[in-house]
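Order of the sequence lines sets the chain letters (A, B, ...), proteins ahead of strands, with each chain counted from 1. Fair warning: this is a prediction, and the values are worked out from it, not measured in the lab.
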Amino acid sequence: MKIEDNFETFNSLIRRKFIWGPSPEIYGGLAGFYSYAPSGMALKNNILNLFRRELQYFGFGEVECPTIMPEIVWRASGHLERFIDPVLRCKKCNTLYRADKFLQEQLPDLMIDGLSFQAMEDLIKKHNLACPNCGNTFTKIEEYNLMLKTQVGNNVTAYLRPETATTTYLLFNRLNQDARRQYPIRICQFGKAYRNEISPRQGVLRMRAFDQLELQLFIGKQQEMEFEDYEEIKDKILPLLDWKLQEKNIVKPEKISLETTINTKILKKPAYAYCLYITYYLTRILGFPEEVIRLRQHSINERAHYADDAWDLEIKTKQFGWVEICGVHDRTNYDLRRHGEFSKQNFNINMSSDSETKEIPQILEIAFGIDRIIYTLLETNFNVEEGRINLKLNPNLAPNIVAVFPLVKNKENIRKLALSVHRDLLENRINSFYDASGSIGKRYRRQDEIGTMYCVTIDYDSLEDNSVTLRFRDTMKQDRVNINELVEIIRNKLRTFK
RNA sequence: GCGCUCUUAGUAUAGUGGUUAGUAUGCCAGGUUGCCAACCUGGCGACCCGGGUUCAAUUCCCGGAGGGCGCACCA
């Protein structure tokens with residue numbers, strides 16, 4: 001197989017090293033479903049470990065909720081209404097049309113938004129509308145439900161969650177008790193979400209079952225405008241593309257300080273600016289270079305039903321263009337207002353020392369798609385350098401931290417020493433991989449292509465003076481170090497990466 | 001979901017109505033090897049699934065699944 005610097009080589013690497021694969025593959029697969037293999041899962045876990053450590057620093061507590069919730073939850077959240085599309089199916093050629101969009105197109109002068117199914121069907125009859133593809137008539141309007149429906153117990157209708165966020169909000173009264181009025185309440189949740197995509201494509205970028213890591217700030221209206229943490233980050237410069245720039249067909253973000261965005265009213269709320277900062281910060285520590293990142297604002301009709309302002313963090317990829325890996329939403333008090341109404345709970349609470357004023361908390365939401373992070377991180381770190389695949393992952397994210405080799409495999413005492421170095425690293429809980437097969441060069445290349453930063457080779461001299469070769473992935477340069485210092489040296493090197 | 005197109009070892013590919021289904025790479029075992037995909041020997045491993053046509057189907061036909069592209073969809 002020739003190694004060319006293109007995304008075919010990259011795609012082949014994913015399959016060859018079995019990072020993830022279609023599922024259930026032996027039965028032909030089901031579109032939109034993938035399984036992670038150990039190396040892919042190691043990467044995912046390393047990303048999560050890093051995120052969890054940082055989120056603790058930012059004051060977030062983690063919760064975990066069921067992935068299935070009864071119908072009423074999704075009625076309250078608005079998903080039942082917004083995630084079910086009316087569709088028209090041609091009786092003959094089976095082509096599917098989104099009913100409301102189709103009618104609006106055909107009858108541009110009428111107001112279609114908000115019409116009942118019956119009213120839409122009447123319009124179709126009245127205007128004799130037929131399938132543009134083959135000219136035949138339609139079936140009755142059907143529902144296409146983007147949420148996966150199931151039954152709990154005997155006859156309770158329930159849905160698999162299309163986002164983790166809503167399930168977090170349901171805990172609000174408990175979280176509020178726990179928080180002792182220290183606002184904002186900062187909560188995160190990691191877990192699966194499910195969407196019944198009509199045609200899932202682009203591999204793990206659009207799965208029907210995918211992982212989200214979502215951060216929520218429950219915050220007072222006043223506090224959003226006078227947010228203490230904002231003061232510490234207001235000088236930070238972010239690559240921003242607001243929708244006014246997009247209207248001028250500009251795709252390159254502007255580097256603006258958060259303070260400027262507030263002063264020029266690009267952003268309304270300092271607390272929201274802080275959320276954009278956390279989003280950008282977490283993305284940067286994964287090792288994404290500045291040039292491939294932009295934060296893009298949604299236009300008004302691009303926004304979700306609950307959002308007052310929305311920005312996506314996007315990564316520039318070779319294969320798929322700009323890919324959203326995170327959405328930041330100002331959900332206002334929409335969610336708690338609705339869940340308060342539907343559950344008859346009182347979420348109108350006192351958030352300040354002034355015991356007179358009560359309010360329903362605002363929610364600011366940061367939603368990462370972990371699988372999209374994995375894809376984009378692998379793609380941006382993928383390099384071909386003079387016929388060598390080098391996956392330049394941050395060393396603490398790679399599946400292996402270090403690999404240990406005997407220079408030759410048929411010298412028993414070299415092999416023994418190599419194995420003991422390997423075990424010693426494992427004893428110190430440094431993720432080490434032992435490999436003795438093939439030439440030394442081949443073993444280096446095997447590690448390069450899965451991003452292992454350090455390789456340790458035990459040779460004839462090692463037997464004499466207890467020293468080994470420490471070889472670096474990116475430069476291929478080698479240091480001579482003492483075995484007794486190896487653990488500390490590697491730990492120190494890892495420490496220089498966040 | 002519609003249209004076009006594709007599907008052969010882990011990966012990348014060749015090819016065929018009757019073949020021991022080829023090649024490269026990979027992987028395994030052994031040999032060799034004093035540091036960057038070396039070499040030698042031996043071995044492993046594939047025609048997406050179902051039906052039809054046929055004496056015979058991996059190959060032709062139909063259907064399905066999955067992938068790619070375009071359209072639609074992507075709260």
Side-chain angles (χ1 to χ4, degrees), chain A residues 1-4 8-9 11-18 21-34 37 74 77-85 87-90 92-98 101-102 105 131-134 142 144-147 162-163 165-166 193 195-203 205-208 298 301-307 310 319 324 327 329 385-390 405-411 414 437-449 455-463 468-473 475-478 480:
Chain A
M1 216 201 66
K2 42 188 188 281
I3 298 175
E4 285 169 28
E8 280 83 3
T9 309
N11 292 337
S12 173
L13 176 72
I14 300 293
R15 286 191 278 267
R16 208 156 42 79
K17 303 307 281 191
F18 189 30
S23 186
E25 193 177 17
I26 62 168
Y27 290 105
L30 186 58
F33 293 93
Y34 292 83
W74 308 112
S77 71
H79 286 89
L80 209 52
E81 203 177 324
R82 298 300 179 128
F83 260 57
I84 295 181
D85 295 331
V87 292
L88 287 165
R89 189 184 295 277
C90 172
K92 193 171 178 213
C93 72
N94 217 25
T95 302
L96 213 58
Y97 299 90
R98 175 82 184 268
K101 292 205 173 183
F102 174 74
E105 228 170 74
C131 172
N133 192 34
C134 69
E142 304 167 26
Y144 188 90
N145 193 342
L146 244 44
M147 285 195 292
E163 59 165 17
T166 286
R195 291 178 196 182
N196 198 15
E197 300 282 357
I198 292 175
S199 66
R201 279 185 194 177
Q202 306 181 326
L205 292 186
R206 228 171 118 207
M207 294 197 283
R208 284 173 164 151
H298 282 198
N301 48 19
E302 205 179 341
R303 281 180 210 154
H305 60 277
Y306 46 68
Q319 194 161 202
E324 174 197 350
H329 298 111
E385 297 166 352
E386 294 164 31
R388 175 177 78 117
I389 293 176
N390 187 7
F405 315 134
L407 182 61
V408 293
K409 67 174 168 183
N410 62 351
K411 298 285 179 290
I414 290 183
S437 89
S439 70
I440 190 72
K442 177 171 284 186
R443 283 176 257 159
Y444 285 143
R445 299 306 164 91
R446 279 189 195 127
Q447 295 308 312
D448 291 342
E449 64 181 14
C455 292
V456 174
T457 301
I458 286 76
D459 58 20
Y460 294 89
D461 289 345
S462 309
L463 300 172
V468 293
T469 295
L470 181 60
R471 179 263 195 192
F472 302 99
R473 181 191 67 199
T475 58
M476 298 197 286
K477 293 223 167 82
Q478 307 182 341
R480 199 73 195 172

Visitor: Roughly how far apart are Arg471(A) CZ and Ile440(A) CD1, rounded to 0.5 Å?
Guide: 9.0 Å

Visitor: With no hydrogens and no angle check, is any side-chain donor or acceptor of Glu81(A) less than 3.5 Å from a backbone partner on Ile84(A)?
Guide: no

Visitor: Would you classify Lys409(A) as touching base, sugar-phosphate or nothing, given that sugar-phosphate means primed atoms plus P, OP1 and OP2, and contacts are heavy atoms under 4.0 Å?
Guide: base

Visitor: How would you label the contact of Arg206(A) with the nucleic acid (heavy atoms, under 4.0 Å): base, sugar-phosphate, or nothing?
Guide: base

Visitor: The test is side chain to side chain donor-acceptor pair (under 3.5 Å); show your working for Ser77(A) and Tyr306(A) and say whether it passes.
Guide: CA-CA 9 Å; Ser77(A) 71; Tyr306(A) 46 68; over 6 Å; no

Visitor: Gln319(A) near the nucleic acid: base, sugar-phosphate alone, or nothing, with a heavy-atom cut-off under 4.0 Å?
Guide: nothing

Visitor: Where each residue is assigned the nucleotide of RNA chain B containing its nearest heavy atom, which of Pro22(A) and Pro162(A) is assigned the position nearer the 5′ end?
Guide: Pro22(A)

Visitor: Are Arg98(A) and rG1(B) close enough that a side-chain N or O sits under 4.0 Å from OP1 or OP2?
Guide: no

Visitor: Is any side-chain heavy atom of Gln447(A) closer than 4.5 Å to one of Phe405(A)?
Guide: yes

Visitor: Please report the interatomic distance CD1(Ile414(A)) to NZ(Lys409(A)), rounded to the nearest 0.5 Å.
Guide: 14.0 Å

Visitor: When the distance from CD of Glu8(A) to P of rU13(B) is rounded to whole Å, what number comes out?
Guide: 9 Å

Visitor: Take nucleotides 34-39 of chain B nucleotide by nucleotide from the 5' end and write B, S or -, depending on whether a protein heavy atom sits under 4.0 Å from the base, only from the sugar-phosphate, or from neither.
Guide: BBBBB-

Visitor: Tell me the interatomic distance from Leu13(A), atom CG, to rA12(B), atom P, rounded to whole angstroms.
Guide: 11 Å

Visitor: Between Phe102(A) and Tyr97(A), how do the two ring planes meet: parallel, tilted or perpendicular, split at 30° and 60°?
Guide: tilted

Visitor: Rounded to whole angstrom, note down the P distance from rU5(B) over to rC44(B).
Guide: 39 Å

Visitor: Please determine whether a side-chain nitrogen or oxygen atom of Asn410(A) lies at a distance below 4.0 Å from atom OP1 or OP2 of rU32(B).
Guide: yes

Visitor: How far does CG of Asn390(A) sit from CE of Met476(A), to the nearest 0.5 angstrom?
Guide: 8.5 Å

Visitor: Which value, in whole Å, describes the distance between the P atoms of nucleotides rG68(B) and rU13(B)?
Guide: 15 Å

Visitor: To the nearest Å, give me how far apart CG (Asn196(A)) and C1' (rG1(B)) are.
Guide: 12 Å

Visitor: Under 4.0 angstrom, heavy atoms only, what part of the nucleic acid is Tyr27(A) near: base, sugar-phosphate, or nothing?
Guide: nothing

Visitor: Need to verify one output field. Residue with the more 5' nearest nucleotide on RNA chain B, Leu30(A) or Leu146(A)?
Guide: Leu30(A)

Visitor: For nucleotides rA56(B) and rG18(B), find the distance between their P atoms and express it as a whole number of Å.
Guide: 14 Å

Visitor: Give me the distance, rounded to whole Å, that separates rU8(B) from rC71(B) when you measure between the C1' atoms they each carry.
Guide: 31 Å

Visitor: In whole angstrom, what separates Arg82(A)'s CZ from rC74(B)'s P?
Guide: 12 Å

Visitor: Can you check the distance between rC39(B) and rU25(B), where both ends of the measurement are the P atom (answer in whole Å)?
Guide: 8 Å

Visitor: Lys101(A) has an atom NZ; how far is it from atom C1' of rC73(B), in whole Å?
Guide: 8 Å

Visitor: Give the dot-bracket line for RNA chain B from 5' end to 3' end: parentheses for intra-strand Watson-Crick or G-U pairs under 3.5 Å, square brackets for crossings, | for inter-strand pairing, dots for unpaired.
Guide: (((((((..((((....[...))))((((((.......))))))...(((((..]....))))))))))))....

Visitor: Check the distance between rC73(B)'s C1' and Glu302(A)'s CD and give it to me in whole angstrom.
Guide: 15 Å

Visitor: What's the gap between rC49(B) and rA9(B) when it is taken at their P atoms, as a whole Å value?
Guide: 11 Å

Visitor: Would you call Lys411(A)-Asp459(A) a salt bridge at under 4.0 Å N-O?
Guide: no

Visitor: Does rC27(B) have OP1 or OP2 under 4.0 Å away from a side-chain N or O of Lys17(A)?
Guide: no

Visitor: Regarding Glu197(A) and Arg208(A), does a basic nitrogen lie under 4.0 Å from an acidic carboxylate oxygen?
Guide: no

Visitor: Taking the C1' atom of each, how far is rC28(B) from rC35(B), in whole Å?
Guide: 24 Å

Visitor: Considering only atom P, compute the distance from rA72(B) to rG63(B) and round it to an integer number of Å.
Guide: 26 Å

Visitor: By the 4.0 Å heavy-atom rule, please label Ala31(A) as base, sugar-phosphate, or nothing.
Guide: sugar-phosphate

Visitor: Measuring from Leu88(A):CG to Cys131(A):SG, what's the distance to the nearest 0.5 Å?
Guide: 10.0 Å

Visitor: Atom CZ of Arg15(A) to atom P of rA9(B): distance rounded to whole Å?
Guide: 11 Å

Visitor: Round to the nearest Å and state the distance from Gln202(A) atom CD to rC73(B) atom P.
Guide: 16 Å

Visitor: Can you tell me how far the CD atom of Glu324(A) sits from the NE2 atom of His298(A), to the nearest 0.5 Å?
Guide: 5.5 Å

